[in-house]
Amino acid sequence: MTVEFEKIKRQNMIKLPYMLDFYPLQDAKFTRIDRFFQNLKERKLTTTKCKACGKVLWPPRIMCPECFSENLEWINLGVDGELYAFTEMKLGAPLGFVEDVPFCIGLVKIGGLLISARIDGAKYEDLKIGDKVTLKIIELEDDRIFYRFCKVKE
Amino acid sequence: MKKVAIVGGGASKCGRREASWRDLVQEAGKAMFENVGNISPKDVDSLIVGAAQPERFVFQAHVTPMVAECLGITPRKVAARTELMCASGQAAIRYAWACVGSGMADIAVVFGVEKMYMPDMTEAQTNMTCVLDREWDGVNGLSAPPFFAMTAQRHMLEFGTTKEQMALVSAKNHHYSTMNPAAHFQKEVTVEDVLKSIVISPPLNLFDCSSITDGAAGVILVPAEDAKKYTDTPMYIVGTGQASVGNVINNLANITEWVPLKMAVQETLRTANITRDEIDIAELHDCFTISEIMEYEAFGWCEKGSGGKFIENGEPHIGGKVAVNPRGGLLGCGHPLGATGILQALDIFQQFRGEVPQGRHVKGAEVAVAHNLSGAANVHSIIAYSRDLK
Ligand SMILES: [Zn+2]
């Protein structure tokens with residue numbers, strides 16, 4: 001008896017699948033907060049605020065976790081932030097970000113919130129806590145959109 | 001609720017292992033059953049497996065029946081898996097404890113396993129970056145090292161903590177792991193070595209960070225009233241605390257003070273009916289050097305902000321105020337996510353029985369705690385263990 005042997009070919013590289021991509025799915029087919037991303041396209045960083053209890057919610061939501069109201073409004077967070085903490089990704093970046101290394105990551109105070117964001121336009125050595133940072137919008141090749149911040153030049 | 005005891009356990013060697021996920025399970029399982037001679041796999045009625053991300057690391061879901069199959073166990077009361085990222089193993093112990101305590105299970109194996117080394121480590125880093133909120137924090141590259149780096153930066157700013165103090169934590173834990181043959185690392189690391197090691201995310205250098213590690217471990221739980229049937233020297237589970245506050249960065253209680261840890265500590269002391277000064281051994285979650293410093297503070301062994309001074313004064317060494325991480329910690333032993341909480345329990349068990357090498361043996365220890373944090377330090381889990389049944 002001869003045992004059959006065959007070398008088979010498979011497609012070796014696949015395109016980054018959405019569920020290994022860190023950027024969220026943004027259109028109304030996949031999320032009910034698509035308005036956030038539409039606002040970003042208009043260069044506005046926004047979130048939802050509960051009209052019942054007044055709590056500003058981050059991330060934007062369809063319901064207030066504090067009082068369960070669905071009566072929410074979109075508010076503009078503005079463009080001016082302040083650097084609360086920062087570091088630099090030097091080693092260990094995930095798929096999709098490896099090409100960017102090294103890059104700066106910060107925690108930014110804006111509109112009464114504290115949010116994480118990529119910090120562009122400066123090296124780690126050039127940053128200090130308390131620095132003024134300003135909103136920056138990036139667009140991916142597939143038209144998805146996201147926010148970052150830039151150091152304000154003194 | 002019935003009182004519950006751990007009557008034995010075993011572990012695989014931890015490290016960058018030339019072994020598959022299943023190989024690790026079988027190594028640890030064999031060691032565990034050999035440690036408890038009169039319990040056979042067929043006597044085990046329940047199996048709870050702590051595994052953080054087998055779907056990502058080895059592309060396998062539904063892992064509990066695989067562990068059962070690998071070890072010849074046929075669960076007929078409880079079969080389940082726990083995921084709480086870095087605390088997955090400890091979560092498994094808590095649930096098995098509840099099951100045995102309630103009478104739902106009689107002989108339960110708690111097993112933890114993680115195979116983290118992959119042919120392409122970018123994939124492993126990707127897995128570790130969906131732990132924080134993927135769409136709002138992970139998307140910014142925020143995995144554990146940058147998050148804890150910024151925690152350290154704030155702690156240094158607010159309280160004057162230094163990189164040298166942080167390095168002392170790494171030196172201490174690597175020193176103890178030189179005496180732990182199961183540990184990933186067996187080499188002494190000096191403060192200078194830490195400061196000179198490559199920068200991962202400033203101010204954190206390589207030796208400020210626990211490593212990616214393969215490993216597995218298991219322990220066997222039975223009602224305390226049955227424990228002496230299996231061993232003369234069981235260990236008792238006497239208390240626990242756990243708290244979770246917020247998840248995305250904006251909703252954390254505080255960056256430089258771990259409020260949920262303080263809550264979990266209070267609940268642990270209350271349920272175990274002990275004071276913090278009665279704790280002889282503390283296996284704390286030193287995923288990064290700054291973590292251990294902040295944990296001294298949250299446990300209340302020193303004042304808020306003085307964790308750096310606490311290690312400078314030698315207080316967390318054996319012979320000091322409390323022996324912290326005489327196993328070698330995550331820094332010295334590595335951090336195979338699902339196995340870590342079980343490895344901590346197993347080492348405390350061996351400490352109580354006097355089965356660890358002299359240099360890291362905490363003589364006369366009666367009470368110990370094991371702690372794990374997970375995520376953006378928003379979840380903290382603690383179990384208290386006792387050598388004697390009070
Ligand atoms: Zn509300």
Residue selection (most heavy-atom pairs with chain B, distance under 4.5 Å) from [options]:
{"options": "A/L95, A/L25, A/D21", "value": "A/L95"}
{"options": "A/Y147, A/Y124, A/F103", "value": "A/Y124"}
{"options": "A/I115, A/L107, A/I119", "value": "A/L107"}
{"options": "A/A117, A/A85, A/P65, A/S116", "value": "A/S116"}

Under 6.0 Å from the NZ atom of A/K151, do we count more than 12 heavy atoms belonging to anything else shown?
-> yes
How about B/E164: does its CD atom have over 12 heavy atoms from other parts shown lying under 6.0 Å from it?
-> yes
Using non-hydrogen atoms only, which part of [X] is less than 4.5 Å away from chain A: side chain, backbone, both, or neither?
{"X": "B/V199", "result": "both"}
{"X": "B/I198", "result": "side chain"}
{"X": "B/L157", "result": "side chain"}

Proximity breakdown for [X] and chain B, heavy-atom pairs closer than 4.5 Å:
{"X": "A/F36", "answer": "side chain"}
{"X": "A/Y23", "answer": "both"}
{"X": "A/F146", "answer": "side chain"}

Is a donor on one side and an acceptor on the other found under 3.5 Å between the side chain of [X] and the backbone of [Y]?
{"X": "B/Q153", "Y": "A/F86", "result": "yes"}
{"X": "B/S201", "Y": "A/E88", "result": "yes"}
{"X": "B/N251", "Y": "A/W58", "result": "yes"}
{"X": "B/R154", "Y": "A/Y84", "result": "yes"}
{"X": "B/R134", "Y": "A/F22", "result": "yes"}

If you count heavy-atom pairs under 4.5 Å with chain A, which of B/A152, B/S143, B/G141, B/A149 comes out on top?
-> B/G141
Side-chain heavy atoms of A/K90 within contact of B/P145, under 4.5 Å | no
